[in-house]
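Remember, it's 1-based here, ligands and their atoms both numbered in the order they're listed.
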Amino acid sequence: MPLLKKVMAEKTSALRDEVKALIKEHGDEVISEVTIKQAYGGMRGVKALVCDTSLVDPMTGLSVRGRHISELTDKLPEEVFYLLCTGELPDEPALANLQEQLVKRSEVPGYVWDVIRHMHAETHPMVILSAAIMTLQRDSVFTRRFAEGASKTEYWESTLEDALNLLAKLPAIAGGLYRIRFDKGDPISPLKAPDWAGRYAEAFGIDDPDGKFADLIRLYMVLHCDHEGGNVSANTCHTVGSALSDAYLAVSAGLNGLAGPLHGLANQICLRFILKIMERYNGVPTDEELIEYCWEVLKAGRVIPGYGHAVLRATDPRFTAFNEFGQRVCPDDEIFMIVNKMFKLIPDVLKEHGKAANPYPNVDAGSGCLLYHFGITEFSYYTVFFSVSRAMGMLAQLIINRALGTPITRPKSVTTEWIKEQVRKK
Ligand code: CMX
């Protein structure tokens, strides 16, 4: 049995009692109000969701269970998954047990490879990933136990089983789909690295003599693990999961949201943006040229990818972590030099432009250039990295919500006529 299950049983039972008492004693207290602007504006700032796995402070950025993301950059992603689920980092036996579970469950069924191989050659890698996860759904422990009449209090346990099974297979699936989609050969099997992200790095079949690529993948997996509950992917996963759709259905739905250009797809768009700059200026542009290029983009009504954020109002600490990695590993890489130049110049351009509430870089501004440096030049694949990592946060949130017995999501919508009526009454 996974030790994680034992710890989660204790933690979630205490949380359940705490939440029950809070609702009983303070259930009718108001914590947020909604304006007409918010109702039409993506519900920005409305406090109507609870997510205990992580928090995004507008100024300092992401904290996972109260630990700032910058304190977690030397951890393994599976340690962070344990932290997301339980609120504490695993000790040595707990980590060894989790790693053992993730190896034990890692074999990818042949029918998943059949689906991946039969997709059209031009299918976007995110579509392949989403379809592969959906394909695994037939093995959902939750769905089987639900059909057998499991009691509500057990739902979280079978969701944890699904979560571990899915997480365990993701490195091989995501790496294998890269090899199949981009004609690099057959998926590599078996993967031998002892850690989860090490196996993901290995699955690409890239020559990595000094282990720096594996280090980047570990860092990448940690930095993208979770970002509260209201972002498109987490919120979608939660909503779909609230209908008691299993982890495969819910995570796949969340990832379809991550595949949007304003969310996870921005990292692929960022790199394309930089390559276009290089092409136009035949290498690293001067400061003046870069500023000129950005103004052209803004005047054409387009956004500068990798900049701005719905919640953050400062430089994303995850961007900072990638930048520090780049300074250490590839300071002279031309693409990295442009990322740095953009960091220096774009905030002032966006401030002068006057629209973006946050003129600073988000996580997507720098991650792609590091992947490119290590030879992953097929940037339509980049959101898959984001997805493998974000699956950890979505799954942790899903298990906790199952343990809390969170009901089906069903906010009330109103019509424009109704809103006009409220305005008239006032
Ligand atoms: N370049 C140019 N204009 C920008 C901008 C940017 N990077 N970021 C925001 N703006 C504009 C918006 O388009 C909006 O313009 P309109 O009023 O004409 O519609 C205005 O500034 C206000 O937007 P905002 O309140 O600052 O930002 P939102 O919360 O609406 O959107 C985000 C946030 C990330 C979608 C937006 O900043 C953006 O499009 N950035 C570029 C894409 C990107 O980097 N996405 C990755 C985000 C990370 C993630 O969640 O995955």
Side-chain angles (χ1 to χ4, degrees), residues 35 37-46 51 54-59 61-62 69 126 220-221 223-237 254-274 276-277 290-323 339 342-369 371 379 382-394:
T35 62
K37 189 169 147 194
Q38 287 170 315
Y40 279 107
M43 294 186 276
R44 204 71 91 256
V46 177
C51 167
S54 65
L55 190 75
V56 181
D57 178 273
M59 299 314 293
L62 172 66
I69 190 67
M126 281 299 288
Y220 199 112
M221 294 299 113
L223 295 180
H224 289 79
C225 66
D226 200 37
H227 221 229
E228 289 192 350
N231 65 76
V232 168
S233 46
N235 195 17
T236 303
C237 178
L255 295 184
N256 292 343
L258 197 70
L262 295 187
H263 195 7
L265 204 76
N267 56 12
Q268 106 167 42
I269 298 171
C270 278
L271 193 70
R272 192 179 293 135
F273 188 84
I274 294 174
K276 269 199 185 145
I277 293 176
L290 186 58
I291 291 172
E292 168 198 74
Y293 189 87
C294 291
W295 275 112
E296 262 177 43
V297 169
L298 292 170
K299 283 182 184 155
R302 301 194 334 255
V303 298
I304 309 286
Y307 282 73
H309 200 271
V311 178
L312 278 171
R313 294 295 173 261
T315 296
D316 191 331
R318 300 170 301 170
F319 171 83
T320 309
F322 276 133
N323 223 37
V339 169
M342 286 176 72
F343 181 35
K344 193 176 83 180
L345 301 172
I346 286 184
D348 282 340
V349 172
L350 283 176
K351 280 183 208 163
E352 195 182 329
H353 183 239
K355 270 191 168 184
N358 174 31
Y360 301 105
N362 60 54
V363 67
D364 294 325
S367 54
C369 88
L371 297 167
F379 40 82
Y382 290 177
T383 313
V384 174
F385 286 109
F386 195 154
S387 304
V388 175
S389 169
R390 189 51 63 86
M392 291 193 288
M394 289 194 285

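Checked against a 3.5 angstrom limit, the closest N/O atoms of Val303 and ligand 1 fall outside it. In terms of polar-atom proximity, defined here as any N/O pair under 3.5 Å, Tyr307 does make such a contact with ligand 1. For Arg44, a nitrogen or oxygen atom sits less than 3.5 Å from a nitrogen or oxygen atom of ligand 1, counting backbone and side chain alike. Taking only nitrogen or oxygen atoms, main chain and side chain alike, Pro305 does not reach within less than 3.5 Å of ligand 1. In terms of polar-atom proximity, Gly306 is counted as a contact of ligand 1, with an N or O under 3.5 Å from an N or O of the ligand.
Set against the non-hydrogen atoms of His309, the atoms of ligand 1 under 4.0 Å away are 33 (C), 34 (C), 37 (O). For ligand 1 and Ala356, the ligand atoms under 4.0 Å from any heavy atom of the residue are 4 (C), 5 (C), 8 (N), 9 (C), 10 (N), 21 (O), 26 (O). Here is the list of ligand 1 atoms found below 4.0 Å of a heavy atom in Ala266: 43 (C), 44 (O), 45 (N), 46 (C). Near Asp364, the atoms of ligand 1 lying under 4.0 angstrom from a non-hydrogen atom of the residue are 46 (C), 48 (C), 51 (O).
Contact annotation for atom 12 (C) of ligand 1: protein absent (non-hydrogen atoms, distance under 4.0 Å). Distance check for atom 32 (C) of ligand 1: every protein heavy atom is found at 4.0 Å or beyond. Within a 4.0 Å radius of atom 27 (O) of ligand 1, the protein contributes no non-hydrogen atoms. Atom 19 (O) of ligand 1 is not flagged as protein-proximal [any protein heavy atom, distance under 4.0 Å]. When distances from atom 40 (N) of ligand 1 to the protein are checked, a heavy atom turns up under 4.0 Å.
The protein atom (non-hydrogen) at minimum distance from atom 16 (P) of ligand 1 is Lys355 NZ, 4.0 Å. Shortest contact from atom 25 (O) of ligand 1 to any protein heavy atom: Ala357 CB, 4.0 Å. Scanning the protein heavy atoms around atom 50 (O) of ligand 1, the nearest turns out to be His263 ND1, 3.3 Å. In terms of protein heavy-atom proximity, atom 1 (N) of ligand 1 is nearest to Ile304 N, 2.9 Å.
Using the six-membered ring where Trp is involved, Tyr220 and Phe322 have ring planes that are tilted, between 30° and 60° apart.
Nearest heavy-atom pair across Ile304 and Ile346 is CG2-CD1, 3.6 Å. The nearest pair of heavy atoms linking Met394 to Asp226 is N-OD1, 4.4 Å.
The backbone N or O of Val297 lies less than 3.5 Å from no partner atom in the side chain of Arg302, so there is not a single donor-acceptor pair. Although no hydrogens or angles enter the test, the distance criterion places a donor-acceptor pair under 3.5 Å between the side chain of Gln38 and the main chain of Thr35. Proximity of a side-chain donor or acceptor of Thr383 to a complementary backbone N or O of Gly264 within less than 3.5 Å is detected. A donor-acceptor contact shorter than 3.5 Å is absent between the side chain of Asn362 and the backbone of His309. In this structure, Ser389 contributes its side chain and Cys225 its backbone to a donor-acceptor pair below 3.5 Å.
Ligand 1 has Leu350 within reach: a non-hydrogen atom of the residue lies less than 4.0 Å from it. Using a 4.0 angstrom heavy-atom cutoff, Asn362 counts as in contact with ligand 1.
Between Phe319 and Tyr360, the ring center distance fails the sub-6.0 Å criterion. Within the 6.0 Å centre-distance limit, the rings of Phe273 and Tyr293 are counted as a close aromatic pair.
Each of Asp316, Ile69, Thr320, Leu62 was evaluated against Leu223; a single residue qualifies, Ile69, per the side-chain contact (heavy atoms from CB on, under 4.5 Å) test.
With a 4.0 Å cut-off on non-hydrogen atoms, Leu258 does not touch ligand 1 at all.
The environment of NZ in Lys276 is sparse: at most 12 heavy-atom neighbours from other residues, nucleotides or ligands sit within 6.0 Å.
To the nearest 0.5 angstrom, His263 atom NE2 is 9.5 Å from Asp364 atom CG.
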